[in-house]
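Note on naming: letters A, B, ... go to the chains in the order of the sequence lines (proteins, then strands), and numbering restarts at 1 for each one. Scope of the values below: all heavy atoms of this structure, side chains included, with no hydrogens, waters or symmetry mates. The structure displayed is predicted, hence computed values, not measured ones.
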Amino acid sequence: MKESTESLNFIEHIIEEDLANGFPQEKLRFRFPPEPNGYLHIGHAASICLNFGLGEKYEAPVNLRFDDTNPSKEEQEYVDAIKRDIAWLGFKWANECYASDYFQQLYDWALQMIKDDKAYVDHQTSEQIAAQKGTPTSPGTASPFRNRPIAESLDLFNRMKNGEFPAGSYVLRAKVDMASPNMHMRDPIMYRIINAHHHRTGDKWCIYPMYDWAHGESDYVEQVSHSLCTLEFRAHRELYDWYLDQIYDPSLLRPKQREFARRNLSYTVMSKRKLLELVQKNIVSGWDDPRMPTISGLRRRGYTPTSIRKFSDLAGIAKRDNVTDVSLLEFCIREDLNQTATRVMAVLNPVKLVITNYPEGQTEILHLENNPEEANSGSHEVPFSRELYIEQEDFKEDGGKNFFRLSLGNEVRLKSAYIIKGESVVKDAAGNILEIHVTYDPDSRSGSGTEASERKVKGTLHWVSIAHAITAEVREYDRLFLDEAPDAHEEKSFMEFINPNSLNVIKKAYLEPFLANATMDSKYQFQRLGYFTLDPDSKNGHLVFNKTVGLKDTWAKQNVQTPTQAQPKPQAPAQPQGQKKALNEIQQIGKKLTNLSGDKLESAINSIKVFAEEVSYEELEALFDTPAKKVGTRIAVMLALGVLLNKGQAKTQAALDFILAGKADENELLRVEAEKLN
RNA sequence: UGACCGAUGGUGUAACGGCAGCACAAGAGAUUUUGGUUCUCUUUGUCUAGGUUCGAAUCCUAGUCGGUCAACCA
């Protein structure tokens, strides 16, 4: 049990309220109900962590129930993968259940419903049924078979079950309300005929229940107290309850459905259909490609169960649409791996370094701390010699004052080894650097305790001894999509946003020999580079490492704008939408203004100016007394005022006062914009 | 032009009528044999307009915006 001081999500509030109203805690029961037609992804993890987390919190059983009511889409392979992923996340289900376990019970209940005149067999095409359904704004019309005699429906239903009819010819429909404003209540289909082999029931059945008919009743059979699903099922709730009404025994627990928002992640897609498309079009190598947001992909990438559970915990559960920033996920894995990963050295883009005053042929064994975050993690041996590889990035002939790495005439520390000084470079005819020549301070060996070893130098580099290094293939990954929400564009397919450079393979990286014994489940930090883990593609003698995530890199951030990241996005559509009032847009953009810089700021300012074209002076004047605290809004109003003045609007006293106040404001941008209006 | 659901910093999420908080992200500094970690500090928010109230993010009304709903999918 967690402490009560912790904040609760709305589901937990509901449970607490039920408990407070006398619902016995021992009757609490949850379930995670995947359809075995695809792999689990990070969005499912939210639901898994919610349901199983509730189980842990309230010491209640959680069933794993496969919603296997459609044999034409579902496969055993997916059942196995789903079980593996949930177990890997560290959750234990109370029972492994299948909706198909309840086919007989469901059939018996359906029979009862026909006898109660609550269901009938329809004999029309799906097009006819769809046409009669009406639209959300107009009621439906009854099927000509709606009042078929009970005995006839009973007979037909029996013959449907016996396989006397072809697929699609007959359906069993609930008799609810064709005029209901809720489309799901307009005589929903309960059973359809499907002639496909079911992964568990084989060929025993040729009629299969629909989701709505199977799901609530399965919850009821399992006595699930709180049936949690995603928001798009909100409209199904009425039907969920209606079906329960038909078969409910008041001495038993009655399940209740609640809906929460599905979890979206930035720079990826989360629907099984789209993920499948990536697999089928060979954009990725499979469901477990390390760039995929699937649980299996994340596992292969090097994510840990701890990190994914932490992510679900931090991201939380609520009812509004969301796109969680992928940086939160990255934070979670860094936090975990920082505590646990073994520190090693590897050079991905090598350049040769020669220590000219180090004896030729000499080798020293030095010691590298396994994990500075863990006191008792010990150390491992790393060989040192006269000729080393360092990263190309770590050397510049003339680095400048902010470059803490190796340059000519400057000193740096070789991690866990000696302090060296850049002396000269050897280049080829084209000017490419072939070798960097340095001298070392023999008294400066790490851990030797000498005065020289304690000297402070600006930078520390990782390195490997050329003679001792082993080689490996290293795969670096970037986000799969260039857009923050690739599937949120109505006019464009998510496929148009695929990042062509999401995979970078380094065929030959040099690693310290310690890594020859790397195992599949160990996690490593290649020092100064990031976290890495072995890929299952590794074979004897050919190591393949996946980069899980880089270290935070404040150096890179100051320097380069990495092309795939931080795509400046306009803060508002270029053309005013017309729907929302231009003034509202200006206020909205203004609020965020002080938080922006560079391209984003410029784009926001331009948007404000565009919207300002449609604003009247009277509207704008009302915003002159915006509180000084809301400086962003004031800047936006100032910008808009500028546009109006340009169009010939006279400077009223109110405008003059507003400009004057702006010129005296603490905020620089506001002052600048106010000055411009003089 | 319907019904239902939703709207709190850049992002995610708390605050059940009583000090708008936490995390990520961003920025500044300190420490550092990883430009990592750690530590300190900072910026940024209740969709709009009314109403109820001593007091509203919270309750009410209206509006705006977003989402969902018309598979023999789940």
Side-chain angles (χ1 to χ4, degrees), chain A residues 6-9 13 33-35 37 67 69-70 72-73 122 125-126 129-130 133-138 140 167-168 170-171 180-184 186 189 191-194 208 210-212 214-215 229 231-238 259 261 263 266 272 314-325 327-332 334-335 338-339 343 345 369 372-373 402 404-405 412-417 419 446-447 453-462 525 527-530 550-558 577 579-581 583-584 587-588 591-592 594-597 600 632:
Chain A
E6 221 158 322
S7 67
L8 305 179
N9 63 45
H13 277 294
E35 182 190 11
N37 69 342
D67 233 326
T69 56
N70 187 349
S72 53
K73 291 167 69 179
D122 203 350
T125 65
S126 56
I129 292 176
K133 209 142 207 183
T135 71
T137 50
S138 61
Y170 287 87
V171 289
S180 170
N182 183 341
M183 297 292 289
H184 296 100
R186 323 244 259 228
I189 291 171
Y191 278 94
R192 75 287 211 199
I193 299 168
I194 301 177
Y208 289 91
M210 299 287 289
Y211 166 85
D212 286 299
H215 200 93
C229 61
L231 244 34
E232 66 271 27
F233 290 100
R234 178 60 246 250
H236 295 243
R237 191 147 114 187
E238 197 180 351
E259 310 83 14
R263 172 97 10 231
S266 62
K272 278 193 244 183
L314 291 181
I317 293 289
K319 291 186 76 166
R320 68 185 110 122
D321 296 330
N322 59 78
V323 182
T324 302
D325 201 315
S327 69
L328 185 64
L329 218 210
E330 293 179 344
F331 163 79
C332 291
R334 284 195 188 104
E335 184 185 60
N338 178 49
Q339 297 299 319
R343 312 294 140 121
M345 292 197 288
E369 213 178 351
E373 303 298 319
N402 287 326
F404 301 163
R405 307 177 183 187
V412 292
R413 157 84 56 189
L414 290 175
K415 178 74 185 174
S416 299
I419 292 173
S446 288
S453 74
E454 311 273 298
R455 278 169 52 212
K456 303 286 180 204
V457 290
K458 264 269 180 68
T460 301
L461 308 187
H462 61 275
Q525 185 197 95
Q527 274 192 111
R528 305 210 302 131
L529 295 177
L551 259 26
K552 265 175 73 176
D553 193 345
T554 45
W555 168 240
K557 214 154 46 184
Q558 306 172 17
Q577 290 175 320
Q579 308 287 63
K580 202 167 170 179
K581 283 210 188 81
L583 194 70
N584 285 346
Q587 282 181 285
Q588 204 66 41
K591 280 181 187 174
K592 301 168 185 171
T594 52
N595 217 27
L596 303 175
S597 62
K600 288 187 180 177

Taking [M] as the reference, what is the distance to [N] when you measure between their [atom1] atoms (whole Å, please)?
N      : M      : atom1 : value
B:rA71 : B:rC19 : P     : 49 Å
B:rU32 : B:rC47 : C1'   : 46 Å
B:rU43 : B:rC5  : P     : 39 Å
B:rU13 : B:rA57 : C1'   : 14 Å
B:rA25 : B:rU42 : C1'   : 14 Å
B:rU40 : B:rU33 : C1'   : 23 Å
B:rG51 : B:rA56 : P     : 12 Å
B:rA7  : B:rU46 : C1'   : 10 Å

Quickly work out the [X] [atom1] to [N] [atom2] distance and round it to whole Å.
X      : N      : atom1 : atom2 : answer
A:K458 : B:rU33 : NZ    : P     : 14 Å
A:E232 : B:rG6  : CD    : P     : 15 Å
A:Y208 : B:rA74 : OH    : C1'   : 16 Å
A:N182 : B:rU68 : CG    : C1'   : 11 Å
A:K272 : B:rA74 : NZ    : P     : 11 Å
A:I129 : B:rA70 : CD1   : C1'   : 14 Å
A:D321 : B:rG67 : CG    : C1'   : 5 Å
A:L328 : B:rU11 : CG    : P     : 14 Å

Side-chain donor/acceptor of [X] to base of [N], under 3.5 Å:
X      : N      : result
A:H236 : B:rC69 : no
A:R528 : B:rG35 : no
A:E259 : B:rG6  : no
A:R320 : B:rU8  : yes
A:E369 : B:rU33 : no
A:R413 : B:rU33 : yes
A:R334 : B:rU37 : no

Going by purine N1 to pyrimidine N3 plus the second Watson-Crick contact, or the G-U wobble pair, all under 3.5 Å, which nucleotide sits opposite [N]?
N      : value
B:rA30 : B:rU38
B:rA56 : none
B:rC22 : B:rG12
B:rU1  : none
B:rA71 : none
B:rU61 : B:rA49

### Message
Looking at A:K552, I'd like to know whether one of its side-chain N or O atoms comes within less than 4.0 Å of OP1 or OP2 on B:rU34.
### Response
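False: A:K552 side-chain N/O out of range (4.0 Å or more) of B:rU34 OP1/OP2.
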
#### Entry: A:K458 atom NZ, neighbour heavy-atom count above 12 within 6.0 Å
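No - once you tally the heavy atoms of other residues, nucleotides and ligands closer than 6.0 Å, there are 12 at most.
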
### Query
Just wondering, do A:N37 and A:N70 contact through their side chains at under 4.5 Å, heavy atoms?
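Sidechains of A:N37 and A:N70: no contact.
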
### Message
Applying a 4.0 Å non-hydrogen cut-off, can you work out what A:A235 is touching in the nucleic acid: base, sugar-phosphate, or nothing?
### Response
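Result for A:A235 = nothing.
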
### Query
How is A:R186 classified with respect to the nucleic acid when contacts are heavy atoms under 4.0 Å: base, sugar-phosphate, or nothing?
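Nothing, no nucleic acid heavy atom in range.
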
### Query
If you check the A:P372 side chain, which of B:rC73, B:rG36, B:rA14 turns out closest?
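Per side-chain heavy atoms of A:P372, the pick is B:rG36.
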
### Task
Measure across A:W555 and A:R405 and return the closest heavy-atom pair with its distance rounded to 0.1 Å.
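Looks like CD1-NH2, 2.8 Å.
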
### Query
If you measure from the ring centre of A:F331 to the centre of the six-membered ring in the base of B:rA23, is it under 5.5 Å, with the planes under 30° apart?
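It does not: the ring fails the test against the base of B:rA23.
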
### Message
Stacking between A:W555 and B:rG35, defined as ring centres under 5.5 angstrom apart with planes under 30°, is that present or not?
### Response
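Yes; centroid distance and tilt both under limits.
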
### Task
Return the 5'-most residue of the pair A:A167, A:E335 with respect to RNA chain B, ranking by each residue's nearest nucleotide.
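It is A:E335 whose nearest nucleotide is closer to the 5' end.
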
### Residue whose closest nucleotide on RNA chain B lies nearer the 5' end, A:R234 versus A:T554
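Looking at RNA chain B, the more 5' nearest nucleotide goes with A:R234.
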
### Message
Between A:R186 and A:T135 (side chain of the first, backbone of the second, donor and acceptor by atom type, cut-off under 3.5 Å), is there such a pair?
### Response
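Between the backbone of A:T135 and the side chain of A:R186 there is a qualifying donor-acceptor contact (under 3.5 Å).
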
### Message
Is it true that A:S446 and A:R413 share a donor-acceptor pair across their side chains at a distance under 3.5 Å?
### Response
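The criterion, which ignores hydrogens and geometry beyond distance, is satisfied for A:S446 and A:R413.
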
#### Entry: No-hydrogen, no-angle side-chain donor-acceptor test under 3.5 Å, A:D325 and A:S327
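Judged by distance alone, the side chains do pair up.
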
